[in-house]
Amino acid sequence: MVKAAVFSLLYPLLLSALVLNCQCQHRTLHVVYMGARPDGDVSVASTHHSMLHKVLGSASSAKESLVYSYGRSFNGFAAKLSNEEAKRIAEMEGVVSVNKNQVYKLHTTRSWDFLNLTTDKLGAPPQSDVVIALLDTGVWPEHPSFNDSGFGSPPAKWKGACTGQNFTCNNKIIGARFYNSDGYSGGEDQSARDTEGHGTHTASTASGVEVEASYFGVAEGVARGGVPKSRVAVYKVCWSFGCNSADILKAFDDAIVDGVDVISVSLGSDWPADYVDDTIAIGSFHAMKNGILTSNSAGNSGPYPVSVSNFSPWTLTVAASTIDRKFVARLQLGDGQILSGILINTFDLNGTSYPLIWGGDAANYTIGSSPDYAKFCLDGAMNTDMVAGKIVYCEALFDGATILLANGVGTIMSDVTFDTPDYSFSWPLPATFISPEDGKKVLNYIKSSCNPVATILVSDAWKDGMAPIVASFSSRGPSAISPDILKPDITAPGVDILAGWSPLAGGTSVYEGDTRSTLFNIVSGTSMSCPHASGAAAFVKSLHPTWSPAMIKSALMTTAYVMDPRKHRDLEFAYGSGQINPVAAQDPGLVFDASEADYVNFLCKQGYNTTTLRLITGDNTTCASTTAGRAWDLNYPSFSLYVEDGHKISAVFTRTVTNVGDANSTYTATLYMPSPSINVTVSPPSLTFSSAGEAQNFTVTVEGPAIAQQPIVSGAIVWTDGKRAVRTPLVVYNYLPGAPYNLDGSGGTAAPGKLPFRNSRSGKIGQVKPHPQF
Ligand SMILES: *[C@@H]1O[C@H](CO)[C@@H](O)[C@H](O)[C@H]1NC(C)=O
Ligand SMILES: *[C@@H]1O[C@H](CO)[C@@H](O)[C@H](O)[C@H]1NC(C)=O
Ligand SMILES: *[C@@H]1O[C@H](CO)[C@@H](O)[C@H](O)[C@H]1NC(C)=O
Ligand SMILES: *[C@@H]1O[C@H](CO)[C@@H](O)[C@H](O)[C@H]1NC(C)=O
Ligand SMILES: *[C@@H]1O[C@H](CO)[C@@H](O)[C@H](O)[C@H]1NC(C)=O
Ligand SMILES: *[C@@H]1O[C@H](CO)[C@@H](O)[C@H](O)[C@H]1NC(C)=O
Ligand SMILES: *[C@@H]1O[C@H](CO)[C@@H](O)[C@H](O)[C@H]1NC(C)=O
Ligand SMILES: *[C@@H]1O[C@H](CO)[C@@H](O)[C@H](O)[C@H]1NC(C)=O
Ligand SMILES: *[C@@H]1O[C@H](CO)[C@@H](O)[C@H](O)[C@H]1NC(C)=O
Ligand SMILES: *[C@@H]1O[C@H](CO)[C@@H](O)[C@H](O)[C@H]1NC(C)=O
């Protein structure tokens with residue numbers, strides 16, 4: 001099922017990166033996956049070399065072709081191959097799959113910036129043995145967030161390395177590797193030094209020490225990561241063009257052996273991909289096998305349904321939500337009116353008022369522009385003489401560059417297509433972004449005044465009483481591939497997050513003309529929420545070093561802060577189990593554990609057979625007979641029931657909980673299901689434990705009438721012992737308004753037993769690219 005499909009080009013971006021990599025004609029980077037690492041002291045590299053020798057005809061071309069040997073945690077290699085050569089390699093013994101290198105994107109809604117990270121309220125006890133790995137753009141090693149003052153030497157288990165030119169590790173950043181398989185670095189150093197800002201931001205969010213911070217004077221205060229005493233291991237897999245899958249896989253291979261505790265991956269593809277086509281799913285499967293939890297971003301393709309990526313059940317999939325602050329840039333009109341906009345304005349006009357015009361009155365008629373274009377302040381539409389020295393009111397959200405380049409003083413924007421921003425932008429000139437309603441007031445003032453003037457104030461942080469709310473850009477469930485697994489798992493702060501930045505990355509990530517340098521920035525995205533979850537996972541791991549990845553994940557999910565369903569049309573498909581609550585996750589009471597065998601069983605239920613299963617596990621694991629069916633028995637800390645149109649609601653879930661609370665304890669189930677027509681039964685209704693580590697089973701039966709074209713209904717099952725609440729959401733759904741994908745699966749290539757969801761290899765998903773437009 002896979003070999004023919006792996007060559008399909010899923011990502012247009014891929015092409016540009018592949019071209020760069022081509023010294024030899026038609027040879028592009030391929031990832032050859034050969035499964036689990038052979039036992040014993042075998043040189044896998046020489047095997048890889050001789051395989052290439054056989055296909056390419058000479059030792060020297062084999063040497064030239066081979067980019068990586070993976071052999072530390074699993075077996076495989078990356079090599080430059082033509083399609084023909086790749087096919088021949090695919091037929092060789094021991095080869096599980098051959099995939100063309102893919103380029104993944106960073107999950108930041110870049111260019112919109114702002115807010116003030118006081119992040120986690122957890123007082124972190126000593127966690128100096130926990131190592132958080134970040135697969136990202138690297139870090140700025142001299143950044144104050146990674147000051148190692150007071151840190152002892154790395155934990156004894158640490159086996160990592162610090163490589164690269166002009167990059168020095170310390171006792172905070174204890175490892176740094178970089179991966180650049182196609183040799184193109186866009187002028188960046190051959191090291192894990194971050195020139196983008198993204199990796200410094202994610203690493204300092206998860207692990208940064210306390211440091212005085214501000215973004216050009218805005219949001220002054222103390223910035224810190226969730227687990228300031230933890231160590232950072234950096235794996236630079238992303239460069240200015242994106243992140244190669246060959247590099248990502250190599251980074252997983254190394255991180256597992258290096259001895260990291262949590263892997264944080266704030267990147268992914270734009271569209272859902274089946275597990276076999278997803279490097280992050282495969283790398284994180286091996287991490288799970290080795291006791292390491294991978295936390296990954298859900299993606300920035302919301303608010304469209306079925307847009308979540310990185311949804312493998314062995315990882316934690318993190319959505320992004322607001323915190324209780326927002327940035328407000330006020331403006332004052334000459335008549336005394338004060339209006340508030342959402343934007344991070346760092347430029348101080350010192351209270352001076354400047355002439356104010358409407359963009360429509362500054363059309364460049366000589367090139368055929370008109371007020372209808374100029375009111376949007378479009379590139380090339382403006383008469384620069386009219387703009388110079390003025391504040392311009394524009395009826396569109398844009399980066400302000402046309403006004404800046406025409407020597408305008410500042411800009412006031414509003415946009416009827418985008419009236420309630422839930423995250424803040426920051427532009428390279430004095431600016432604010434007001435509601436269309438307030439925009440009318442500005443326009444009325446301009447039209448009714450003979451000498452209109454205005455000034456824009458530096459932004460203040462305001463309290464946002466609505467938080468937490470999942471951001472519009474955060475990708476929504478359900479999972480396109482596994483409808484029986486509720487995704488995303490959890491939400492964490494990902495809007496207007498202040499954290500470290502690379503001083504080489506510029507002041508506003510959108511506009512290259514902004515040459516200001518900053519050590520901190522305020523940005524939004526699931527890239528920003530993911531390291532919050534990684535930090536929380538590291539915190540739990542530091543307190544419970546023997547817990548499996550599934551136990552840590554369960555602790556985070558069952559203790560999550562319950563989100564307000566009234567504020568979220570998509571309910572759990574926006575926020576999963578709720579907002580991460582690290583302090584409560586220390587003591588979850590009961591956990592839902594799962595082992596490699598459980599995930600294998602899950603894949604078999606998904607329609608994988610012994611052959612296709614191997615594409616993920618890489619070993620000789622088999623599927624027991626014909627096990628395809630619903631994946632309701634994976635011991636997952638949430639419940640998801642997809643019902644086809646016209647079918648009755650009917651499912652039995654089995655679960656096992658392990659006692660990690662008081663030895664002698666009794667937990668009683670409480671049910672919450674708002675729909676009276678859906679019957680939910682939990683059996684037995686109470687569970688009694690007499691020792692720590694004891695496991696007990698229960699079943700959840702869900703029954704109801706046939707449904708069609710109905711939105712999701714969600715409830716929850718909560719086990720309580722009087723002190724702790726172990727909460728698991730339960731979602732029943734069959735219809736998603738506005739889903740971008742055809743959910744009936746017609747024409748799909750789903751394996752037998754898979755639910756009729758389109759999988760990535762249908763080639764059709766690529767036509768739909770829900771993505772923020774800014
Ligand atoms: C496994 O599944 C694939 C794709 O569904 C199919 O092509 C293959 O024949 C199956 N193999 C076996 C051994 O059933
Ligand atoms: C690191 O922190 C220590 C203690 O606060 C301080 O003395 C030192 O100057 C800092 N080093 C850097 C490079 O900022
Ligand atoms: C090392 O990098 C720093 C930061 O970019 C730079 O200031 C310094 O000149 C570099 N040193 C060398 C030897 O390249
Ligand atoms: C965030 O803003 C609040 C209130 O404006 C301020 O008290 C706090 O110090 C700021 N924190 C950071 C990290 O900037
Ligand atoms: C505002 O005042 C500061 C400090 O005096 C000065 O540096 C800055 O240029 C002034 N800004 C404008 C727009 O005049
Ligand atoms: C109008 O547009 C043309 C073409 O871009 C440009 O050369 C000219 O300078 C513009 N006029 C003004 C007054 O901005
Ligand atoms: C799988 O089994 C075959 C035959 O028993 C054996 O040759 C091979 O080494 C095994 N592969 C792995 C990865 O264990
Ligand atoms: C649990 O209860 C049993 C029987 O009541 C008792 O023997 C045992 O000591 C208790 N264990 C703990 C840790 O309290
Ligand atoms: C729970 O279920 C598993 C699998 O069905 C079974 O092996 C185990 O004995 C059960 N445990 C208890 C306490 O009933
Ligand atoms: C729900 O349970 C009640 C009581 O057992 C029963 O009367 C009813 O028919 C059930 N409804 C469904 C939809 O199964």
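Hydrogens, waters and symmetry mates play no part in the numbers below; they use all other heavy atoms, side chains included. Whatever order the structure lists ligands and atoms in, that order sets their numbers, starting from 1. All values derive from a computational prediction rather than experimental measurement.
Aromatic pair Trp501/Phe520: ring centres not closer than 6.0 Å. Between Trp632 and Phe602, the distance separating the two ring centers is not shorter than 6.0 angstrom.
Ion pair Arg724/Asp662 flagged as a salt bridge, since at least one NZ, NE, NH1 or NH2 atom sits closer than 4.0 Å to an Asp/Glu carboxylate oxygen. Using a cut-off of 4.0 Å between Lys/Arg side-chain N and Asp/Glu carboxylate O, Arg614 and Asp619 are scored as not salt-bridged. Between Arg655 and Asp633 there is no salt bridge, since none of the side-chain N atoms of the basic residue sits less than 4.0 Å from a carboxylate O of the acidic one. A salt bridge links Arg330 to Asp460: one of the charged nitrogens lies within less than 4.0 Å of a carboxylate oxygen.
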For ligand 9, what N or O to protein N or O distances fall under 3.5 Å?
unit_1   : atom_1 : unit_2 : atom_2 : d
ligand 9 : 2 (O)  : Asn697 : OD1    : 3.4
ligand 9 : 2 (O)  : Asn697 : ND2    : 2.2
ligand 9 : 11 (N) : Asn697 : ND2    : 3.0
ligand 9 : 14 (O) : Asn697 : ND2    : 3.4

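Taking only nitrogen or oxygen atoms, main chain and side chain alike, Asn609 reaches within less than 3.5 Å of ligand 1. Residue Tyr354 has no nitrogen or oxygen atom sitting less than 3.5 Å from a nitrogen or oxygen atom of ligand 5, judged on distance alone.
Looking at Asp348 against ligand 5, only its backbone comes within 4.0 Å, counting heavy atoms.
By the 4.5 Å heavy-atom criterion applied to side chains, Val680 and Leu730 are counted as neighbours.
Asp598 places a side-chain N or O within donor-acceptor distance of the main-chain N or O of Ser595, the cut-off being under 3.5 Å.
By the 4.0 Å heavy-atom criterion, Thr611 is counted among the residues contacting ligand 1.
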